[in-house]
There are 2 protein chains.
Amino acid sequence: MNHKESHTLILNNISRFIDLTELEKQKYISLLTEIKVQKKDFLLQAGEIVKYEYFITKGCLKVYTLDEDGAPHISMFAIEDYWTGDLSSFMTKEPSKYYIKATEHSELLGISRANYDLLFQEIPKFERFYRILYQKSLISYIRRSNHGISLTAEERYIEFKKKYSQTVNRITQKDLAAYIGITPEFMSKIITKVNRM
Amino acid sequence: MNHKESHTLILNNISRFIDLTELEKQKYISLLTEIKVQKKDFLLQAGEIVKYEYFITKGCLKVYTLDEDGAPHISMFAIEDYWTGDLSSFMTKEPSKYYIKATEHSELLGISRANYDLLFQEIPKFERFYRILYQKSLISYIRRSNHGISLTAEERYIEFKKKYSQTVNRITQKDLAAYIGITPEFMSKIITKVNRM
DNA sequence: TAAAAGTCTTAAACTAGTTCATTTTTTTTC
DNA sequence: GAAAAAAAATGAACTAGTTTAAGACTTTTA
């Protein structure tokens with residue numbers, strides 16, 4: 001994917017919530033860093049202090065933690081036109097508990113913490129952009145934390161498939177199990193059962 | 001609680017993230033509505049379109065949905081100095097799926113949707129306030145949706161008790177069970193077990 | 001302040017989901 | 001394109017959490 005295409009993608013994403021002048025667009029683009037990661041490479045490993053917030057222009061990545069037993073718990077799959085990172089470490093500058101690993105060759109645009117802070121001074125409209133972006137994310141995480149607790153694994157799988165039909169075919173069953181919160185064995189059983197219905 | 005006390009409480013909450021002039025403070029306060037709810041009364045019922053976002057100056061409320069079997073799933077307990085409501089219905093103007101019920105006599109300050117929109121025009125600094133407020137909430141809900149899936153009920157209980165030690169004594173075990181995502185019977189077992197340790 | 005309603009506890013039988021072990025299928029790598 | 005590695009499927013024995021039921025305790029209400 002060339003520069004122009006990835007810049008169009010991120011600017012279109014931003015224009016959902018705010019309008020930028022040509023000059024502001026140029027200024028914004030100048031604050032971004034291009035990053036490429038090969039399949040299976042890490043964008044982030046636990047213990048590191050998070051340097052960037054990322055926008056994905058191409059590819060797919062998984063964001064996860066490891067529990068005391070070393071078992072992964074995936075908190076999101078990030079694909080094209082999505083934002084990802086670890087907001088907590090990015091903001092507090094404390095070591096992250098997350099890993100971010102590419103499940104496909106991926107291309108991203110990153111904004112550093114210094115440029116993120118600068119952005120609000122230079123183009124205050126971005127306060128609005130992030131206000132709305134975080135508001136929408138918050139709404140979906142509130143729903144998700146409720147559903148995670150109140151639905152059965154089978155219901156969570158059916159909901160995921162409905163909501164993220166583009167993503168479900170790009171990830172392994174094992175990773176899906178780590179997202180849904182069950183073992184790969186039980187995931188296999190559920191999929192067999194649901195497909196039979 | 002008198003007007004002055006509740007205004008001081010909300011202005012202090014806001015001053016965590018932005019500084020307001022005296023004039024801005026007055027303007028902001030003028031956009032708020034005072035609401036009182038008796039114990040067991042509803043601030044919101046499913047099917048209604050959410051009119052306000054709320055700041056609690058006194059009391060305790062539970063925010064919950066009912067599943068197809070009529071079982072409640074509590075998504076948060078809101079006490080003094082917390083914000084609550086249903087952001088989804090407030091923003092989309094679609095009917096809410098949530099109930100909000102006072103578990104104690106409670107006093108709140110509400111901002112209507114019209115005034116919320118007006119606020120950003122009149123005092124653009126509030127974009128920043130809400131950007132930071134939502135960012136912080138988002139960070140804690142991301143963590144929570146991960147933990148809800150990866151921890152056992154006992155671990156979730158221990159974590160809740162540690163994090164919300166002031167709240168845990170103000171709510172019933174039954175409501176706590178509906179928050180943790182288990183039956184009251186199993187909640188009882190866990191509490192007996194944890195206290196024995 | 002009695003009685004009604006709601007909450008908490010305990011226990012036995014049950015189910016959703018785990019663990020462990022083995023085989024088959026698919027993907028990766030040289 | 002063969003060998004190695006990883007993912008998926010299957011099944012049996014297990015555990016965390018549910019269901020149902022009944023009795024004890026606490027709070028609310030008339």
Side-chain angles (χ1 to χ4, degrees), chain A residues 37-41 59-60 62 64 66-74 77 101-105 147-161 167-197, chain B residues 37-41 60 62 64 66-74 77 99 101-105 147-161 167-197:
Chain A
V37 269
Q38 286 308 120
K39 184 168 177 170
K40 291 192 181 173
D41 277 358
C60 183
K62 55 183 176 186
Y64 62 97
L66 293 179
D67 66 22
E68 314 88 60
D69 307 330
H73 296 280
I74 296 179
F77 298 103
K101 195 175 193 176
T103 64
E104 299 173 4
H105 167 83
H147 281 189
I149 275 171
S150 63
L151 303 183
T152 63
E154 187 177 318
E155 290 167 329
R156 276 177 272 150
Y157 166 64
I158 290 168
E159 189 162 282
F160 181 84
K161 229 173 77 167
T167 310
V168 81
N169 304 309
R170 291 168 72 172
I171 58 179
T172 63
Q173 248 173 250
K174 202 184 167 195
D175 278 349
L176 185 51
Y179 176 89
I180 298 281
I182 55 176
T183 57
E185 291 89 344
F186 194 53
M187 185 82 258
S188 172
K189 272 185 202 167
I190 286 175
I191 290 175
T192 311
K193 186 184 166 197
V194 170
N195 289 344
R196 203 162 8 86
M197 297 198 307
Chain B
V37 269
Q38 287 308 120
K39 183 167 177 170
K40 291 192 182 173
D41 278 357
C60 183
K62 55 184 177 186
Y64 62 97
L66 293 179
D67 65 22
E68 314 88 60
D69 307 330
H73 297 281
I74 295 178
F77 297 103
Y99 296 81
K101 194 176 193 174
T103 64
E104 300 174 1
H105 167 83
H147 280 188
I149 275 170
S150 63
L151 303 183
T152 64
E154 186 176 320
E155 291 166 328
R156 278 178 271 148
Y157 165 64
I158 290 168
E159 191 163 281
F160 181 84
K161 228 173 80 166
T167 309
V168 82
N169 303 310
R170 290 168 72 171
I171 59 179
T172 63
Q173 248 172 251
K174 202 185 168 193
D175 279 347
L176 185 52
Y179 176 89
I180 298 282
I182 55 174
T183 58
E185 292 86 347
F186 194 52
M187 186 80 258
S188 173
K189 267 187 207 166
I190 287 175
I191 290 176
T192 310
K193 186 185 166 198
V194 171
N195 288 344
R196 201 160 11 84
M197 297 198 308

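Sequence lines set the chain letters: A, B, ... in the order given, protein chains first and strands last, and positions in each chain run from 1.
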Engineer: Quick check for you: name the first and last nucleotides of DNA chain C, 5' to 3', having an atom under 4.0 Å from a heavy atom of chain B.
Structural biologist: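 Nucleotide range in contact with chain B: C:dT7 to C:dT10.
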Engineer: Think B:Lys189 forms a cation-pi with B:Phe186, using NZ or CZ under 6.0 Å from the six-ring centre and within 45 degrees of its axis?
Structural biologist: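 Negative - B:Lys189 is either too far from the ring of B:Phe186 or too far off its axis.
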Engineer: Checking all strands, does A:Thr172 fall into the base, sugar-phosphate, or nothing category for heavy-atom contacts under 4.0 angstrom?
Structural biologist: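 Contact class for A:Thr172: sugar-phosphate only.
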Engineer: Could you run through nucleotides 17-28 of chain D and give me one letter per nucleotide, 5' to 3': B if any protein heavy atom sits under 4.0 Å from the base, S if only the sugar-phosphate is that close, - if neither?
Structural biologist: BBBB-------S
Engineer: Report the residues that fulfil side chain to side chain donor-acceptor pair (under 3.5 Å) with B:Lys161, sequence neighbours left out, ordered by chain and then residue number.
Structural biologist: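 Here no residue qualifies.
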Engineer: Calculate, to the nearest 0.5 Å, the distance between atoms CD1 and CD1 belonging to A:Ile190 and A:Ile182 respectively.
Structural biologist: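 With rounding to 0.5 Å, CD1 (A:Ile190) is 3.5 Å from CD1 (A:Ile182).
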Engineer: When Watson-Crick pairs (N1 to N3 and N6-O4 or O6-N4) and G-U wobble pairs (N1-O2 and O6-N3) count only below 3.5 Å on both distances, what is the dot-bracket string of DNA chain C, with | for other-strand pairs?
Structural biologist: ||||||||||||||||||||||||||||||
Engineer: Side chains of A:Thr152 and A:Glu155: donor-acceptor distance under 3.5 Å anywhere?
Structural biologist: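 Note: A:Thr152 and A:Glu155 side chains meet the donor-acceptor criterion.
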Engineer: Can you find a pair of side-chain heavy atoms, one from B:Thr103 and one from B:Lys40, that are under 4.5 Å apart?
Structural biologist: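 No. Closest side-chain heavy atoms not under 4.5 Å.
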Engineer: Mind checking side-chain contact (heavy atoms from CB on, under 4.5 Å) for A:Asp69 and listing every partner two or more places apart, or none if nothing turns up?
Structural biologist: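 So A:Asp69 forms a side-chain contact (heavy atoms from CB on, under 4.5 Å) with A:Asp67.
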Engineer: Let me confirm one number: the CD1-OG1 distance from A:Ile171 to A:Thr167, rounded to the nearest 0.5 Å.
Structural biologist: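 Between A:Ile171 CD1 and A:Thr167 OG1, I get 7.0 Å after rounding to 0.5 Å.
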Engineer: Measure from the side-chain N and O atoms of A:Thr192 to the backbone N and O of A:Ser188, and report whether any donor-acceptor pair falls under 3.5 Å.
Structural biologist: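 Pair found, side chain donor or acceptor close to backbone of A:Ser188.
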Engineer: Output all residues satisfying salt bridge (Lys or Arg N to Asp or Glu O under 4.0 Å) with A:Lys101, sequence neighbours left out; order by chain, then residue number.
Structural biologist: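 Counting only residues at least two positions away or on another chain, A:Lys101 forms no salt bridge (Lys or Arg N to Asp or Glu O under 4.0 Å).
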Engineer: Would you call the rings of B:Phe160 and B:Tyr179 parallel, tilted or perpendicular if under 30° counts as parallel and over 60° as perpendicular?
Structural biologist: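 Judged by the thresholds at 30° and 60°, the geometry between B:Phe160 and B:Tyr179 is tilted.
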